[in-house]
Amino acid sequence: MQSGIVALIATGGTIAGTAERSDDHVGYRAAQLGAEALVAAVPPLAGRAIEVETLVQLDSCHMDHATWLRLRERVAAQLARPEVAGVVVTHGTDTLEETAYFLHRTLAAPKPVVLTAAMRAATALSADGPQNLLDAVTLAAADGACGVLVAFGGQVFAGSELRKVHGWRLQAFSAGDAGVLGTLADGTLARWREWPAQELHPAAAALPAAERWPQVEIVTSHAGASGVVIDALMAAGVRGIVVAGTGNGSVHEAIDQAARRAERAGVVVRRASRCQLGGVVGQRPGALPSAGALTAPQARIELMLDLIAAAAGRD
Ligand code: ASP
């Protein structure tokens, strides 16, 4: 265990959600409690050196790029303080994997940046948030820990590998084939793999204001697909499209043809899979460029960063 302050930044989510009834797991309102209330609900945190701030109160399904930039700035400021051992970010589960991936690619984390969340509201009979928060603080203060991490359900994930695989079960997350980094049980961290290595995206050196980020959208391939979504996106002026293909990144011919039209018009297209696990393996000759192991939401972030870097190179 490392001594030092843990800085907690709250952003909302179900972990901060409340319901009228303790058995209501659906009709609750996310993002009602601030950071102080989250900490107060975890008696073992009493007396721990924790500094708290409530950055936003968002249901994370509404997460936006401007909030990502503000969060990144606040986390970076806390990491820069020598007395801070690590940072905890409380967040909704819906876009947790996207925020984790964005931070992993754009924020140097020589100390732990631990995201956590909950599937059940703070008022639920068996709320999972308090234990997840306690685990996150333990991880943020762990000696030698570093990188963008996620503490959830007694497991430690690399932020870059996280994906939400279930809509309502308590164990809603997976690290895909990579497996979890470790476990947190009864306040003890057991680690099975190295802390995640970080290679920052070149765009991280100078991210523009959110309103200047290139628009990149995800289009899902499916039976009976047509090119209308891609054509509409082109008309709207998107700069990039991630096609979430079926299986190992196969794409309905109507979407493929529309994607080729988009490419000819200068839109950058990447091909991921709508499957949560496995990514896209290999590159079939003539197929749209593969996003590799990235999930479609991760591929969208990566493509935005690529386009930002390319635009900076042209300036
Ligand atoms: N809609 C919520 C959110 O992402 C779900 C959750 O946190 O579990 O903020």
Side-chain angles (χ1 to χ4, degrees), residues 8-42 52-72 74-75 87-104 113-137 139 148-157 159-175 180 184 210 218 276 295-298 300-301:
L8 167 64
I9 304 175
T11 70
T14 294
I15 193 168
T18 58
E20 303 293 324
R21 296 191 338 258
S22 60
D23 61 346
D24 186 352
H25 293 162
V26 176
Y28 65 89
R29 286 190 311 275
Q32 300 301 303
L33 306 176
E36 284 89 356
L38 299 184
V39 173
V42 187
V52 302
E53 69 183 277
T54 303
L55 183 73
V56 283
Q57 290 281 41
L58 265 186
D59 182 321
S60 81
C61 71
H62 304 303
M63 184 52 69
D64 57 67
H65 302 157
T67 304
W68 274 353
L69 287 174
R70 285 175 61 204
L71 176 62
R72 174 177 176 267
R74 283 306 301 147
V75 175
V87 175
V88 169
V89 177
T90 56
H91 196 284
T93 60
D94 287 345
T95 54
L96 186 64
E97 66 200 75
E98 297 176 56
T99 299
Y101 189 77
F102 169 69
L103 292 177
H104 168 75
V113 176
V114 186
L115 284 75
T116 195
M119 290 300 286
R120 291 191 179 153
T123 49
L125 278 177
S126 51
D128 51 332
Q131 183 67 53
N132 286 347
L133 181 55
L134 179 60
D135 286 346
V137 171
L139 184 58
V148 177
L149 308 167
V150 176
F152 195 93
Q155 296 182 308
V156 181
F157 300 84
S160 61
E161 293 167 351
L162 191 77
R163 65 232 35 220
K164 189 175 182 183
V165 293
H166 204 285
W168 49 264
R169 276 193 196 140
L170 280 183
Q171 288 296 3
F173 290 96
S174 167
V180 297
L184 281 154
I218 299 173
Q276 293 282 15
T295 64
Q298 289 176 334
R300 191 191 78 87
I301 294 166

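Numbering of ligands and ligand atoms starts at 1, following listing order. Only this structure's heavy atoms are used, side chains among them; waters, hydrogens and symmetry mates stay out.
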The atoms of ligand 1 lying under 4.0 Å from a heavy atom of A118, numbered in the order shown, are 6 (C), 7 (O), 8 (O)

Within the distance-only criterion (no hydrogens, no angle test), does the side chain of T295 pair as donor or acceptor with the backbone N or O of Q276 below 3.5 angstrom? no

When distances are taken from atom 4 (O) of ligand 1, the protein heavy atom at minimum range is S60 OG, 2.5 Å

Contact region, A31 to ligand 1, non-hydrogen atoms below 4.0 Å, reads neither

In a table with atom names and distances, give each donor-acceptor pair under 3.5 Å that connects a side chain of residues 27-39 to protein atoms at least two apart or in another chain.
residue: Y28; atom: OH; partner: T14; partner atom: OG1; Å: 2.5
residue: Q32; atom: NE2; partner: A30; partner atom: O; Å: 2.9

Heavy-atom proximity to atom 1 (N) of ligand 1 ranks first, among T14, D94, L96, for D94

Closest non-hydrogen atoms of A122 and I15, given as atom of the first, atom of the second and distance, are CB-O, 3.7 Å

Check your understanding: With only distance considered, is A30 within less than 3.5 Å of ligand 1 through an N or O on each side?
Key -> no

shortest atom 8 (O) of ligand 1-to-protein heavy-atom contact is with T93 OG1, 2.5 Å

Side chain to side chain, F152 and M119, heavy atoms closer than 4.5 Å:
yes

(Q) Quick one, L96 and F173 - any side-chain contact, counting heavy atoms below 4.5 Å? (A) yes

